[in-house]
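Encoded as structure tokens, the structure appears first; notes follow it.
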Amino acid sequence: MLRILNFFLIGLVLASMSVTSSTPPVQAQSVNPVLVGTADLPRSLHTKYGELAASWNTNTVHAIAVNGDNRKNDTFYWRKSDSSLTFPEPVDLGDAGGQTDYTGADVATAWHNQNVVVAVWLDQDTDRIYFRRSDDGGQTWGGARVVHQGGGFPVTPKVGIRSFPGGGLGEVVITWRDPESFYYTICNAQGEGCIGRQYLDGDDRAKAYGQAAIAVGPNGALGIAYVTSATVYARIWDATKSGAAALAARETVAAQNGSIDRYFDTTMAIDRNGEIFVAYRRLDRKLETGGADQGDVFFSRRTGFNSWPRSRINNVQSRGTVAIATDPVGNLHFFWVRARDGANEYFYTKRLPDGGFTNNYIGSSPVFIANGMVTGTLSDWSYGHGALEAFVPGGQIMRYYLFRTPGDNCIAQTITIGNAIPGTNPPVVRDPSVVGTLAPSAGCTPAEQRVVLNAQDANAPAAPWSGTYNVPITNLEQCVQTLHVQLRANNRTQFDPQWRSVTFIADPQAAGTPVDAAVTVMNPKIFGLIPPVFSPVSPAGDLMSEGASNGDPGYTRIGQMHMRIADIGDCSGVGAYNLLFDAGALIQSGTITGTFASNLPLPPQVPNTALVAGETLFKIQVFDRIGNSVELPRRMVYDPPDPNGRPVMDLSQTSLTTDTNTLTILRSLIINTIVVTDNLYQRGFSVPTRGYINNQTPPNTSDPTKQFWGLWIAVEYLGKGADAESQYPPLPNGGLTFDNLRWQPVEVPNAVAGARVRFNLFDGVLNRTASSPTNGFGPDLTKDGTYRVYVKALDGAGNASTATYSTTLRLDPGYEVPTIRLPFIRR
């Protein structure tokens with residue numbers, strides 16, 4: 001692991017930690033740390049670069065170091081699982097030949113399963129890095145495995161094990177220096193199947209410094225911090241990937257600037273929210289000439305790729321490593337040493353999740369001290385565990401320091417949504433209230449609880465501690481909601497300033513709109529939802545049978561309807577539908593992914609009967625993905641193209657003329673009078689339950705100007721001759737029929753006298769003068785002459801009148817062809 005312990009926590013949904021490095025942090029409401037005491041680890045002798053780790057779920061501290069006489073060494077492992085100062089006798093994990101300055105060992109725990117402990121150490125005599133694993137919190141160990149062998153002069157191995165929610169274990173990542181470059185290897189969780197050594201940073205191989213630091217976090221998070229050329233770098237693992245492909249590009253944490261800014265001795269920590277921190281020191285240039293090796297203490301928090309704002313920890317300095325670790329509730333623990341002017345001092349401080357720092361604990365040592373490390377646990381107190389090298393007569397030993405801060409972690413460590421739909425992530429609540437349980441942080445005995453929705457309101461009423469909650473959801477239409485919890489310890493008069501939160505999706509059946517879906521049914525001929533069978537260019541079948549490809553959405557001339565169901569922001573998503581008869585019997589059902597759109601048979605008016613002309617009522621029931629439903633009535637009118645279904649246009653009472661502008665192809669058809677009667681269609685018959693509102697003029701069954709939807713218009717070019725109308729009489733004649741025309745359906749919203757319908761002469765015009773009649777002209781300026789316009793009446797279902805009105809018009813030479821100007825884009 002890193003030169004420090006990284007303290008790992010279980011992946012629970014807790015509040016986000018807010019970090020601001022550009023402004024001084026707010027002083028936390030916390031008791032400052034006190035030193036419980038110190039103790040020497042038994043049988044430690046000539047130890048260098050010892051490491052710490054913690055299993056917070058058992059309040060266990062793990063320590064490891066290479067121990068011996070600088071040639072024949074052992075890898076000693078110590079553990080204790082209480083808040084005392086005393087460590088039992090060590091366990092010998094294996095031989096570690098070579099000088100203890102260069103061999104080194106490391107210990108780490110898995111994040112979501114902290115009973116899993118892994119250790120690595122280096123045997124310099126054989127250039128081997130060994131690995132062992134314990135599955136019971138360090139009480140018993142599996143056999144040793146060689147995870148790497150060879151190299152010029154490998155030193156200081158570090159280890160981290162990736163883990164995932166539920167305790168699933170991923171890869172073991174091991175890094176070391178050899179000695180001009182940093183390397184890494186990746187093994188499986190048992191230390192097997194390791195890949196060959198890989199350069200951690202191949203860009204600066206000759207200036208690697210000190211030891212790398214490795215940290216793991218929740219959900220497969222892992223990172224490595226290291227120093228080359230007096231610059232601190234980091235490599236972050238992509239939590240969604242595995243193997244060498246997971247290692248992202250190098251990021252600069254703190255860059256050297258000549259002799260002004262030079263950075264060394266990194267450690268790394270990843271907190272419960274996956275936020276990454278790197279601690280380090282800056283060499284003080286003012287002290288360089290005096291031979292001292294002191295530096296200001298800093299840490300950086302990653303805010304994005306290659307973005308590491310820097311914060312300074314008070315006005316103090318460090319000799320050697322600045323140790324950082326995190327604990328289950330997001331506190332950051334710091335530990336470092338300073339030796340100046342003959343004094344040997346150690347420093348401990350803690351940064352709380354709200355950004356505030358405790359005061360530094362400053363202690364003095366009667367002997368020279370170096371190479372500190374730290375970790376944190378929670379039980380009856382909040383503990384900081386530090387260890388360092390103490391230079392005593394006969395060699396350097398591993399000395400342990402225990403700090404504690406009382407009562408500053410009374411927070412909801414876990415918040416459970418008890419009435420969430422099983423298997424939903426994030427949790428989805430279907431009830432009008434959210435209920436569940438709370439568990440306090442270790443060492444906290446709450447007296448009161450405050451549970452609120454969507455706003456951290458410190459003035460909201462509190463309730464006696466029960467460990468359960470039942471909060472009504474006041475805004476049932478709001479999808480994403482957040483439950484906030486604040487606790488007060490029984491030995492405190494004030495609530496802990498830290499809130500803990502969990503986000504869930506509220507999607508109650510009791511909401512005003514339990515399923516947010518737009519449901520429409522319409523004429524399937526509209527917008528080409530069913531392509532016309534006849535060709536718009538060449539004859540194919542009976543045009544009168546196929547009908548127009550537009551009309552009133554609430555009418556259909558074929559026994560089908562187009563149904564569309566769109567998710568318009570349902571909290572859990574739309575998932576299925578039922579099509580029902582008006583009385584409730586099921587017609588058919590189906591699933592929905594995103595938006596459903598299909599042509600379906602139009603339900604008959606009565607089950608087990610044939611569909612007949614007229615209005616048919618039915619219902620559409622829509623379900624979201626958690627079982628909420630809404631039932632919507634819908635209406636369609638079936639108007640088949642039989643003789644009774646066609647609109648009747650009375651030509652004797654109909655007068656249509658064209659405008660007198662003869663110099664444009666955009667023309668207006670002027671409705672002077674028109675009389676059309678239809679058996680079913682009444683323009684303006686508005687039925688909101690269709691899923692839309694028809695804003696045409698109100699229906700009037702006695703008004704023949706309101707019993708048709710629109711006109712069917714077709715145009716033919718008769719040429720420039722003076723006798724064009726007699727040379728080319730109206731169709732059908734000479735083998736051509738109406739099917740040769742390109743008919744354009746045009747809605748007529750209001751048919752009172754003087755209403756105008758716009759159309760384009762060149763859009764699908766049939767050229768009667770060509771040897772083979774063709775449809776449509778382009779931007780042709782030679783087609784002046786006579787045109788004939790044909791007009792049929794259309795009802796809402798697209799049925800056309802048998803009667804056809806026709807009139808002619810002129811297009812004079814020099815006419816205008818409309819153009820569209822597009823911007824010229826140079827690439």
Side-chain angles (χ1 to χ4, degrees), residues 2-4 21-22 48-49 101-102 155-156 158 175-183 199-215 223-236 249-269 276-302 306-324 334-341 345-347 349 368-374 388-389:
L2 41 154
R3 156 166 228 89
I4 313 291
S21 58
S22 59
K48 292 289 293 182
Y49 306 130
D101 289 35
Y102 302 113
V155 295
T156 59
K158 304 296 172 186
T175 185
W176 68 94
R177 183 167 58 90
D178 189 13
E180 76 281 1
S181 302
F182 285 110
Y183 296 90
Y199 279 111
L200 181 63
D201 187 345
D203 298 330
D204 206 354
R205 300 180 183 177
K207 298 179 181 179
Y209 175 84
Q211 305 179 67
I214 190 167
I224 300 176
Y226 58 98
V227 174
T228 61
S229 302
T231 294
V232 179
Y233 294 108
R235 302 289 297 274
I236 308 301
R250 182 177 79 173
E251 302 181 37
T252 300
V253 178
Q256 74 154 337
N257 181 11
S259 63
I260 298 175
D261 291 324
R262 297 195 294 162
Y263 301 94
F264 302 96
D265 299 316
T266 63
T267 59
M268 176 182 274
I276 306 173
F277 300 84
V278 175
Y280 48 93
R281 67 185 178 94
R282 180 179 67 185
L283 190 66
D284 191 335
R285 60 176 179 161
K286 297 179 182 178
L287 299 174
E288 288 186 62
T289 56
D293 191 15
Q294 303 290 342
D296 294 342
V297 177
F298 294 91
F299 75 97
S300 291
R301 168 180 168 264
R302 187 176 189 258
N306 217 32
S307 176
W308 297 81
R310 185 178 69 182
S311 299
R312 184 176 180 178
I313 305 177
N314 305 99
N315 186 22
V316 295
Q317 294 178 326
S318 170
R319 181 183 183 92
T321 302
V322 181
I324 185 175
F334 295 87
F335 190 62
W336 69 95
V337 300
R338 179 174 69 179
R340 290 188 63 185
D341 302 325
E345 297 174 319
Y346 55 90
F347 293 77
T349 192
F368 183 81
I369 51 179
N371 295 324
M373 67 215 74
V374 76
L388 46 74
E389 297 173 25

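Bear in mind the structure is a predicted one, so any value in this text is a computation, not a measurement.
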State whether the side chain of [X] and the backbone N or O of [Y] hold a donor-acceptor pair below 3.5 Å, judged by distance alone.
X      : Y      : answer
Thr252 : Ala254 : no
Gln256 : Ser229 : yes
Thr267 : Ala213 : no
Arg235 : Leu200 : yes
Arg177 : Ala212 : no

Do we see a donor-acceptor contact under 3.5 Å between the side chains of [X] and [Y]?
X      : Y      : result
Asp201 : Tyr233 : no
Asn306 : Glu251 : no
Tyr280 : Thr321 : no

Fill in: Matching residue for Phe299 among Phe334, Tyr263, Trp308 - test: ring-ring contact (aromatic ring centres under 6.0 Å, His included)
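One option only clears the test, and that one is Phe334.
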
Worksheet item: Mind checking whether Phe335 and Tyr346 have parallel, tilted or perpendicular rings, split at 30° and 60°?
Response: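 Correct class here is tilted.
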
Worksheet item: What is the minimum heavy-atom distance between Ala323 and Gly372, and which atoms define it?
Response: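 Heavy atoms only, the tightest pair is CB-O, 3.9 Å.
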
For the [atom1] atom of [X] and the [atom2] atom of [Y], what is their distance to the nearest 0.5 Å?
X      : Y      : atom1 : atom2 : answer
Thr175 : Ile214 : OG1   : CD1   : 6.5 Å
Tyr226 : Thr231 : OH    : OG1   : 10.5 Å
Tyr49  : Glu389 : OH    : CD    : 7.0 Å
Ser307 : Arg301 : OG    : CZ    : 9.0 Å

Practice prompt. Answer yes or no: is there an ion pair linking Arg312 with Asp296, defined by an N-O contact shorter than 4.0 Å?
Written response: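 Salt bridge: yes.
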
Hey, does [Y] have a side-chain heavy atom less than 4.5 Å from the side chain of [X]?
X      : Y      : result
Val155 : Asp178 : no
Trp336 : Asp265 : no
Ile276 : Met268 : yes
Phe298 : Ser311 : no

